[in-house]
Amino acid sequence: MNTVLLAVVVVLALVLLISLLIMLSRTRLTDRLLAVQLLGTLGVAILLMLAVVMQQRAFLDTALVLVLLAVVVTAVFTHRQRGGKS
Amino acid sequence: MILDALSVLLLLLGLFFFVSGLLGLWRFPDTFARLHALTKADNLGLGLVMTGLLFQVPDVLWAIKFILVWLLALVASAVNAHLIAVFLHRQQEGHDESA
Amino acid sequence: MNLLDGLWGVLDLLLVAVLLLLAMAAVLSSDRRRSMMLFIVFGLVLALVWARLHAPDIALAEAAIGAGLGGALLMATLRRDTHQQTDQFPQHPVVLWGVGVLVMVLGTAIAWGLFSVLPTVEQTWRKGAAVDAQLAFSGVSHPVTAVLLNFRAWDTLLELAVLLAAIFGIRALGYVRSAYVTEVAFSQLAVWLVPLLILMAGYVLWAGAHSPGGAFQAGALLAGAGILLRLAGYSHAGLPTTRWLVRLGLVAGTGVFLLVGLGLLGWGQGFLHYPIAYAKWWILLIEMLATVSIGMTLTLAFMGGIPQKEAA
Amino acid sequence: MPLIIIVFILLLALWLLLTSGDLGSLLVGLPFIMLALWSYRLQRHAPYPLTFSFLGALRFVGFFLRESLRGGLDIALRVWQPRVSLSVAFYEYRLIFPQGPIRSFFMYCISLLPGTLSVCVSEKDTLRLHVLDDRGAVAEDLSRLEQRVCELFALPCYKRTL
């Protein structure tokens, strides 16, 4: 079973690589923001899989922290300061 | 054995939706549409991967934490989508030229 | 079994490829906001790499600080309207090539240094065994926390002091950034996210006693809560409004750490040598205060200082 | 029961879930729960009566899962076609929920449902959303969601299905 799970992780990592390439090929900031979101979700998925494969419970905490702070990061990037551009 | 098969099936489905999100990012013509693709396909992908993993966890506490991660990821992605949508809308309206 | 090893190999290759690509793209990008975005993703992938290397402690720290707080702080350093300027790097080809050669020489030197260290790695592992042997006397059951707060408490004390010095610098030189335009739907959400972040900070701190976690990660999460409050339109970001309380909070971590150390010295135990029976409680006290201090420091760093009374 | 006590109980329950029910952990947990409660109190919001219905919550969860699945499938179908068929547009929708947590909840839910993405409240009580395909039944979808949200919060739904 572990082999199958690991194969899925490998495919997820491949998707990660491709979405990174897409992100780099885009020039607009918002498109990149989107790619960051995709990478974040993929990262969480990979962490969850690795937690099961490697039997490391601590990775679940890491995933929780990643998810929570992703919101903070997006908020910081998209908020606009008073009296000026973004 | 049946559980293993079920979990493989769910994982593959999850992968399929992740790849769909990726394709959406690549193929959809405008940024709003890409945002749609990401928010919906990714959440479903993560949810299916999580459900698939639920059959492989050693005890209930793991399962609870998995579900917690997924719930938070749902909230996070709804918020992220909203924030990005507002940002994008502001840019298109021309309040902000710093694209 | 062979297939499993092969898959691990492929995964490692993929992760390394992503990491290198990200690092190069982040350095070569001319727009600062884009580099920061790439830096955040770099932190995320680095967390995955640490996880793959069986280092959950560093993975958690990287997720909290590198991918999360680091990006927010970097973003805060951007002054308005400057993000589209390219850096004033020397563009002369001779300088560029010179820098390139210098970097390569340095890289080679570092690689050589690492290779020469390799034979001693086994000794380091023996030190790991030594840590495990002493773990029972440290007051906590997680080796990393034991090393950080007991065996090598000096380092951690100095790290806290560095943060304190940084915030002095920021308060002396920085300027308070203007408030953010608030949006109702977002503020409504902050109501729920901020308590969650604070609770998670507490959990990460508690987890540090026996599994990955600790004061720095918890402090980063607390700061995340502060930043969200700031973005949701609370000009003080949840920090106390009285100045002396803020100051007290900032120095609490370092101060109490130092006081405990000196107190133990006066008690005849030696600097930061906790009596074994009470080590757990001392470490708990220090960690809690350190978390509060780190959280406040990072929030203040994001804000750039304590705001005066702002027009609402 | 005052809302603050409910929040306290929720936070406590979450803490015990996270720490797998270790009561000794409350030594660290209680101060942080108090801090979290304080941050909740700090956010001065107008008193807003919130009620929940257990049955409504169950139905909402079912509805939400089904709709998420539909949303993902919708995207997947569009993506894997040889030609992407989209007809994106902005769409104005009249909100029935007054400003407050329920409205925000509704707006966030919209973004997770098939084909719709809430953008902003453009005028008073008018929500601007972005739809992937304006040929679909957007208004019906939205009013169904509205009804479920009403059930969840045990509100009388004063706009029946269209």
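All values below come from the heavy atoms of this structure, side chains included, with hydrogens, waters and symmetry mates left out.
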Problem set entry | C:L7 versus chain A, the contacting section by heavy-atom distance below 4.5 Å | both

For this session: Counting only heavy atoms closer than 4.5 Å, note whether A:L39 contacts chain C via side chain, backbone, both or neither.
Result: both

Exercise. Measuring heavy-atom distances to chain C, does A:L33 have an atom under 4.5 Å in its side chain, in its backbone, in both, or in neither?
Worked result: both

Seminar exercise, completed: dist A:L68:CG -> C:L197:CG (nearest 0.5 Å) comes out at 5.0 Å

Exercise. Under a 4.5 Å heavy-atom cut-off, does chain A meet the side chain of C:V41, its backbone, both or neither?
Worked result: side chain

For this session: Tell me, for A:L12 versus chain C, whether the close heavy atoms (under 4.5 Å) come from the side chain, the backbone, both or neither.
Result: neither

For this session: Would you give the length of the straight line joining atom CG of A:L42 to atom CG of A:L14, rounded to the nearest 0.5 angstrom?
Result: 11.0 Å

For this session: Starting at CG of A:L34, measure out to OG1 of A:T74 and round the result to the nearest 0.5 Å.
Result: 10.5 Å

Exercise. Contact part of C:M37 toward chain A, heavy-atom cut-off under 4.5 Å: side chain, backbone, both or neither?
Worked result: both

Seminar exercise, completed: The interface call for C:L193 against chain A, heavy-atom contacts under 4.5 Å, is side chain

Problem set entry | Approximate separation, where rounding is to 0.5 Å, of C:L48 CG and C:R52 CZ | 12.0 Å

Exercise. Between A:L47, A:D61, A:V73, A:L50, which has the largest tally of heavy atom pairs under 4.5 Å with chain C?
Worked result: A:D61

Seminar exercise, completed: Rounding to 0.5 Å, atoms CG (C:L53) and CG (C:L15) come to a distance of 9.0 Å

Problem set entry | Side chain proximity check, C:T299 to C:R230, heavy atoms < 4.5 angstrom | no

Exercise. When only pairs under 4.5 Å are counted, which of A:V36, A:T62, A:V53 shares the most heavy-atom pairs with chain C?
Worked result: A:T62

For this session: Go through C:L196, C:L21, C:V204 and name the one with the most non-hydrogen pairs under 4.5 angstrom from chain A.
Result: C:L21

Problem set entry | Contacting region of C:I227 [heavy-atom separation from chain A under 4.5 Å] | side chain

Exercise. Hey, what do you get for CD1 (C:I40) to CG (A:L69), rounding to the nearest 0.5 Å?
Worked result: 10.5 Å

Exercise. Going by the angle between their ring planes, with limits at 30° and 60°, are C:F39 and C:F42 parallel, tilted or perpendicular?
Worked result: parallel

